[in-house]
Asks: 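Submitted below is the structure of interest, expressed as structure tokens.
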Amino acid sequence: MNTSELPNLKIHLSQLMQQAVDQVMTSDTAISIEITRTKQASHGDYACNLAMQLAKPLHKNPREIATMLIEAMPASPSLEKVEVAGAGFINFFIKNTVKQAYLYHILQTGSTYGFNDAGKGKKIQVEFVSANPTGPLHVGHGRGAAFGASLANVLSAAGYSVTREYYVNDAGRQMDILALSTWLRYLALNDVHVPFPENAYQGEYVKDMARLIYQAHADRYVHEPARLLDGLPETAHETAVNTDEDLDQLIANAKKILGQDYAYIHNLVLTEQLGDFRNDLMEFGVEFDTWFSEQSLFDNGLVAHAMQLLEEKKQLYRQDGAVWFRSTDFGDEKDRVVQRENGQFTYFASDIAYHLNKFDRGFETVINIWGADHHGYISRVKGALQALQLDPDKLKIALVQFAVLYRDGKKAPMSTRSGEFVTLRELRQEVGKDAARFFYVMRKSDQHLDFDLDLAKSQSNENPVYYVQYAHARICSVLAQWDGDPAVLVDANTDLLTIENELALLQQLIDFPDTIEAAAKEFSPHLVAFYLRELASEFHSYYNSTHFLVPEIALMEARLALITAIHHVLKNGLKLLGVDAPEKM
RNA sequence: GUGCCCGUAGCUCAAUUGGAUAGAGCACCAGCCUUCUAAGCUGGGGGUUACAGGUUCGAUCCCUGUCGGGCACGCCA
């Protein structure tokens with residue numbers, strides 16, 4: 001058999017059904033032919049529910065239609081038999097020889113088996129994490145990172161041309177607050193003490209950055225501390241401030257006092273934080289093609305440009321000294337401010353410019369991965385796209401629910417500002433990259449995730465990742481003991497793979513490309529995780545019931561060919577999820 | 001109060017998006033190492049899919065209502 005032209009069985013069957021439909025149907029009723037895998041062996045390998053769908057338009061009972069379709073269907077060398085079952089299902093039984101023949105295909109494609117061209121090379125962008133560079137990444141960001149990276153990998157494997165992007169919020173007030181926080185800590189190192197604002201960044205990493213400046217420049221950035229509390233209430237000398245207004249006044253004072261030097265502080269904290277993120281994410285197996293600066297949107301005039309376009313389309317108006325976008329025209333609950341009374345653009349304004357820019361860069365589909373707390377933001381961004389005459393359906397928002405941390409059976413507090421959180425780095429150090437990555441994508445992204453730290457730390461066999469990795473390691477171990485040339489396995493006589501376990505494994509291997517395609521289509525990398533666990537389960541069962549290194553050479557090589565194929569699929573699948581496939585455990 | 005998401009075994013989660021008898025893992029019970037790694041395997045009990053209606057050949061999935069949980073309702077990001 002020519003292995004390079006092996007048909008995708010689902011596509012093959014749907015083509016057969018299409019030809020049957022063309023024979024049976026005279027009118028051109030709109031139909032969609034869905035071929036699904038069956039759950040039970042007695043129902044064959046694949047099923048089609050078309051006859052039930054056609055019952056109403058044809059005014060006939062489904063079983064009768066099913067019989068007609070089967071009779072009209074061209075013969076296929078791949079099929080053992082086709083049956084009508086249940087209420088009108090058409091069940092397809094695939095010949096064992098076809099399943100066995102797939103093994104050659106898998107062995108030949110190896111590290112690329114499972115990849116397909118469902119995406120047809122369409123340019124797609126995945127923007128994820130995009131956390132404010134104002135403090136270390138925590139376990140909440142970890143979920144977005146794991147989900148986004150896995151989704152991007154899956155999309156890539158499904159034939160899309162994927163760009164992974166991180167949007168850096170380097171332009172806003174939060175960065176000013178971090179710069180101020182760092183400078184105040186630095187002043188303290190120089191014995192200039194001001195009560196540290198309650199709503200500034202409290203974390204230790206702020207003190208670390210302050211120390212960095214102090215060690216390199218001593219008191220170089222201590223200027224006129226007496227003016228620091230200008231315009232603030234008298235109490236600010238004794239008690240820490242805690243209102244937004246007071247904090248903004250402090251920032252303004254800092255900018256005035258530091259002058260040109262403010263940019264140095266601002267830039268240093270940004271560089272430090274981004275460097276830390278990049279390193280942290282890299283060790284988590286997450287890398288980006290583009291780090292896109294929000295500030296660059298202002299510097300390159302893209303925000304002004306976007307605002308001008310909206311203005312031309314009469315989508316902006318002035319009220320109470322601010323500039324508003326008519327998002328209610330596009331289904332939002334209320335209109336939104338794009339430029340504040342003080343002249344500053346809002347985050348929303350730069351976000352409009354950013355999304356306009358994404359489509360200007362030629363992406364056919366743009367995926368944003370957001371925390372679930374941002375869901376109220378969707379309608380205004382899509383509204384803005386619509387106002388700019390872009391198709392809002394080309395922007396897909398994948399909301400990732402929060403990961404709630406449990407320690408000693410109790411909820412762990414999570415607050416970035418107060419510095420009370422478990423960092424992603426700590427999580428990795430405690431449970432390992434692989435367990436963390438797998439754990440994160442074991443759940444559907446729109447489900448809340450209970451992250452039990454004690455369980456994850458325990459390194460016990462409750463961690464599902466070990467189960468899959470162990471299957472991989474066992475195969476490597478067997479192949480090492482065999483110590484033969486893997487090339488000979490391509491010529492193995494796969495007709496000898498006839499026991500139930502082996503045929504089930506073959507079918508699962510055949511399913512792998514379909515799983516990747518479904519995961520890409522549904523933005524559901526968890527399907528890959530579940531698939532891998534099921535494959536590992538079937539393999540472990542096989543391993544326990546059947547000996548591979550048997551004296552009969554032909555039988556041994558057939559079995560080794562099978563487990564080699566499993567080895568490839570486990571490895572390829574784990575790679576999509578950012579999990580290592582160790583050869584020994 | 002209004003909007004969005006969610007509610008499935010004791011616990012944590014699936015269910016090919018409307019398909020056949022709702023499945024796994026933990027936990028619990030009983031077995032399997034003289035044999036390629038026991039981080040494994042085999043068997044067992046566990047369910048009114050929160051509740052009540054509706055739509056149709058068929059509903060965990062779609063619609064309405066009730067209850068319960070999360071999130072969002074800024075000239076913050």
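All of these numbers come straight from a predicted model, not from anything done at the bench. By convention in this document, chain letters (A, B, ...) are assigned in the order of the sequence lines, proteins followed by strands, and residues within each chain are numbered from 1.
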Asks: Counting C-beta onward and ignoring hydrogens, is there a side-chain heavy-atom pair between A/Y354 and A/E127 closer than 4.5 Å?
Replies: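 The answer is yes; the side chains approach within 4.5 Å.
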Asks: Sort by first number and list every stem of RNA chain B: at least 3 consecutive Watson-Crick or G-U wobble pairs, both distances under 3.5 Å.
Replies: B:1-7 with B:67-73, B:10-13 with B:23-26, B:28-32 with B:40-44, B:50-54 with B:62-66
Asks: Students often mix this up, so state it plainly: with edges at 30° and 60°, are the rings of A/Y543 and A/F539 parallel, tilted or perpendicular?
Replies: tilted
Asks: Just compare B/C41, B/C36, B/A39 and give me whichever is closest to any side-chain atom of A/M585.
Replies: B/A39
Asks: A/S477 has a side chain; which of B/A20, B/A72, B/U37 sits nearest to it?
Replies: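 Looking only at side-chain atoms, A/S477 lies closest to B/U37.
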Asks: For A/H374 and B/A72, are the ring centres under 5.5 Å apart with planes inclined under 30°?
Replies: no
Asks: Nearest to the side chain of A/H526, which nucleotide is it out of B/C36, B/A15, B/A20?
Replies: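 Per side-chain heavy atoms of A/H526, the pick is B/A15.
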Asks: Find out whether A/V478 and A/I563 are in side-chain contact, i.e. whether some heavy atom of one side chain is under 4.5 Å from a heavy atom of the other.
Replies: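 A side-chain contact exists here, since the closest heavy-atom pair is under 4.5 Å.
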Asks: Mind listing the N/O atom pairs, protein and nucleotides 54-60 of chain B, below 3.5 Å?
Replies:
none

Asks: Could you work out the separation of B/U60 and B/U8 based on their C1' atoms and round it to a whole Å?
Replies: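 That atom pair is separated by 7 Å.
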Asks: So, does A/K334 get its side chain near the phosphate of B/C75, meaning an N or O under 4.0 Å from OP1 or OP2?
Replies: yes
Asks: Can you measure A/Q339 atom CD to B/C76 atom C1' for me and round it to whole angstrom units?
Replies: 17 Å
Asks: Quick check: on RNA chain B, is the nucleotide nearest A/R336 upstream (toward 5') of the one nearest A/S537, or the reverse? Name the residue that is more 5'.
Replies: A/S537
Asks: Under 4.0 Å between a side-chain N/O of A/T346 and OP1 or OP2 of B/C76, yes or no?
Replies: no
Asks: Could you tell me if A/Q174 and A/Y201 have a donor-acceptor pair between their side chains, going purely by distance under 3.5 Å?
Replies: yes
Asks: Taking the same atom, C1', in B/C6 and in B/C13, what whole-Å distance lies between them?
Replies: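 These two C1' atoms come out 14 Å apart once rounded.
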Asks: Using whole Å, what does the distance between atom P of nucleotide B/C36 and atom OH of A/Y542 come to?
Replies: 16 Å
Asks: Got a sec, which residues hit side chain to side chain donor-acceptor pair (under 3.5 Å) with A/Q386, two or more places apart in sequence or on another chain?
Replies: none
Asks: Of A/F89 and A/A322, whose nearest nucleotide on RNA chain B comes first from the 5' end?
Replies: A/F89
Asks: Please lay out, stage by stage, how A/I369 and A/L151 fare under the test side chain to side chain contact (heavy atoms under 4.5 Å, CB included).
Replies: CA-CA 10 Å; A/I369 294 168; A/L151 175 60; 4.3 Å; yes
Asks: Using OP1 and OP2 only, check whether a side-chain N or O of A/H540 sits under 4.0 Å from B/A24.
Replies: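 Negative; the distance criterion is not met.
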Asks: Any salt bridge (charged side-chain N to carboxylate O under 4.0 Å, His left out) involving residues 514-540 of chain A? Give me the pairs, sequence neighbours left out, ordered by first then second residue.
Replies: none
Asks: So, taking the atom named OG in A/S545 and the one named CD in A/E502, what distance separates them when rounded to the nearest 0.5 Å?
Replies: 8.5 Å
Asks: Using only heavy-atom distances, decide whether a donor-acceptor pair under 3.5 angstrom links the side-chain of A/D373 to the base of B/A77.
Replies: no
Asks: Rounding to the closest angstrom, what is the interatomic distance between B/A39 and B/C5 at atom C1'?
Replies: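 About 37 Å, rounded to a whole number of Å.
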Asks: Relative to the ring of A/F277, is the ring of A/Y166 parallel (under 30°), tilted (30 to 60°) or perpendicular (over 60°)?
Replies: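 Aromatic pair A/Y166/A/F277 classed tilted.
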Asks: Please measure how far the C1' atom in B/U55 lies from the corresponding atom in B/G45, and state the result in whole Å.
Replies: 37 Å
Asks: Just the rounded figure in Å: distance from P of B/G74 to CD of A/Q174.
Replies: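 Roughly 17 Å, once rounded to whole Å.
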Asks: Tabulated below should be each protein N or O lying under 3.5 Å from an N or O of nucleotides 3-5 of chain B; please produce it.
Replies:
residue : atom : partner : partner atom : Å
B/G3    : N2   : A/H375  : NE2          : 3.0

Asks: Among residues at least two apart in sequence or on other chains, which ones pass side chain to side chain contact (heavy atoms under 4.5 Å, CB included) with A/H43?
Replies: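 Side chain to side chain contact (heavy atoms under 4.5 Å, CB included) check on A/H43 returns A/T38, A/Q40, A/N91.
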